[in-house]
Amino acid sequence: MPQPPDTTRPEPVTEAIFRRDDWYAEELVDRHFVRCEFHGVDLTEAVTRGATFTECTFGGVRFNASRHVDSAFVRCGFRRCNLFDAEFVGCKLVGSTFDECDLRPLRVEGGDWSFVALPKADLRGVVLTDVRLREADLTGVDLTGATVTRVDLSAAHLAGSRLTRADLRGSDLTGLDPTTVSRAGALIDATQALVIAQALGFEIR
């Protein structure tokens, strides 16, 4: 028996262009945007819950103090956006790219950020916990003093990155070449120390 249409969920917005819209403190719940463009939009203190952005472009968007819960930004491009004090909880950002964005302070808890491109990003002092960052491009990132705990960094590209004084405990470092990163004062646990020792060619007995 056919089911009646669900009228409670807003229809997807497709290929729309938003310029300098004021969405300050807006709540975007279960909204779906596909291949949309956002230019100079103010999303300061905005909240998204269950929202989905697919193949969208964000240029000069202000995400300051915004909160995102169980939302998705899949294969999106962020350029010169400000994410000062933004928070992502249980969000999916697979395949998204960040270019010349202000990303600190930033808090990410849970979710899937696999294949994300963050080359040379300034991530000093950010907090990343329980996040999947598999095969992410973190080439040359600065994670000085950052909290990167229980993060899946398998096959992530970390060459040239700065991990100085970063808390890396519980994270998957199997793909890390310690000779290609700055690591003074980085904090790891005993299991990670064994993995790194083996990567350097030491034989553990």
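Thr48 is not listed as a side-chain neighbour of Arg31, based on a closest heavy-atom distance of 4.5 Å or more. The shortest side-chain heavy-atom distance between Glu135 and Ser114 does not fall under the 4.5 Å cut-off. In this structure, Arg79 and Thr57 have side chains that are not in contact, with every pair of non-hydrogen atoms separated by 4.5 Å or more. You'll find the side chain of Phe38 reaches within 4.5 Å of the side chain of Cys56, heavy atoms only. For the pair Val127 and Leu106, the minimum side-chain heavy-atom distance is 4.5 Å or more. Looking at heavy atoms from C-beta onward, Leu28 lies out of side-chain contact with Val47 at the 4.5 angstrom threshold. Under the 4.5 Å side-chain criterion, counting only non-hydrogen atoms from C-beta, Lys92 is in contact with Val74. Put simply, the side chain of Thr147 does not reach to within 4.5 Å of the side chain of Val126, judged on heavy atoms.
Closest approach of Cys76 to Glu55, counting heavy atoms only: SG-N, 4.0 Å. Minimum interatomic distance between Val13 and Ala16 (heavy atoms only, all atoms of both residues): CG1-CB, 3.7 Å. Heavy-atom minimum distance, Cys91 versus His68: SG-O, 3.2 Å. Of all the heavy atoms in Phe78 and Cys101, the pair that sits closest is O-SG, 3.4 Å. A pairwise comparison of heavy atoms in Arg67 and Asp85 identifies NH1-O, 2.8 Å as the closest pair. Counting all heavy atoms, side chain and backbone alike, Gly60 lies closest to Cys81 at N-SG, 3.9 Å.
Between the Asp167 side chain and the Arg169 main chain, a donor and an acceptor come within less than 3.5 Å of each other. One N or O on the side chain of Ser71 and one on the backbone of Val69 form a donor-acceptor pair closer than 3.5 Å. Between the side chain of Ser171 and the backbone N or O of Val148 there is at least one donor-acceptor pair closer than 3.5 Å.
To the nearest 0.5 Å, the span separating CZ on Arg132 from CG on Leu153 amounts to 12.0 Å. Atom-to-atom distance recorded for Leu118:CG and Thr139:OG1 is 10.0 Å, nearest 0.5 angstrom. For the atom pair CG (Leu187) and OG1 (Thr149), the distance works out to 10.0 Å, reported to the nearest 0.5 Å. Interatomic distance, Leu168 CG to Leu163 CG, rounded to the nearest 0.5 Å: 5.5 Å. Rounded to the nearest 0.5 angstrom, Leu138 CG and Leu143 CG are separated by 7.0 Å. The line from CG of Leu103 to CG of Leu83 is 5.5 Å long, rounded to the nearest 0.5 Å.
For Arg49, there are no salt bridge (charged side-chain N to carboxylate O under 4.0 Å, His left out) partners two or more places apart in sequence or in a different chain. Every residue two or more places apart in sequence or in another chain that forms a side-chain contact (heavy atoms from CB on, under 4.5 Å) with Val195 is listed here: Thr174. Checked against side-chain contact (heavy atoms from CB on, under 4.5 Å), Thr180 has the following partners two or more places apart in sequence or in another chain: Ala159, Asp177.
Clustering of Ile, Leu, Val, Met, Phe, Trp and Tyr by side-chain heavy atoms under 4.5 Å joins Phe115 with Val94.
Cluster annotation: Leu128 and Phe84 are assigned to distinct hydrophobic clusters (Ile/Leu/Val/Met/Phe/Trp/Tyr, side-chain heavy-atom contacts under 4.5 Å, transitive).
Counting only N and O atoms by type, the side chains of Arg162 and Thr144 include no donor and acceptor under 3.5 Å apart.
Note on ring orientation: taking the six-membered ring where Trp is involved, the planes of Trp113 and Phe98 are parallel (angle under 30°, cut-offs 30° and 60°).
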Notebook entry, point to check: Yes or no on side chain to side chain contact (heavy atoms under 4.5 Å, CB included) for Phe73 and Phe88, after CA distance, side-chain angles and deciding distance?
Noted result: CA-CA 11 Å; Phe73 298 80; Phe88 294 83; 4.0 Å; yes
Next item on the list: Check the pair Ile196, Ile188 against side chain to side chain contact (heavy atoms under 4.5 Å, CB included), reporting the backbone distance first and the verdict last.
Entry: CA-CA 10 Å; Ile196 291 176; Ile188 59 176; 3.9 Å; yes
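Pairs passing the side-chain hydrogen bond (donor to acceptor under 3.5 Å, both in side chains) check and including a residue from residues 117-130, sequence neighbours excluded, read Asp122-Arg124, Asp130-Arg150. Applying the side-chain hydrogen bond (donor to acceptor under 3.5 Å, both in side chains) test to pairs two or more places apart or on separate chains, those with a residue in residues 16-26 are Tyr24-Glu45.
The aromatic ring centroids of Phe53 and Phe58 lie less than 6.0 Å from each other.
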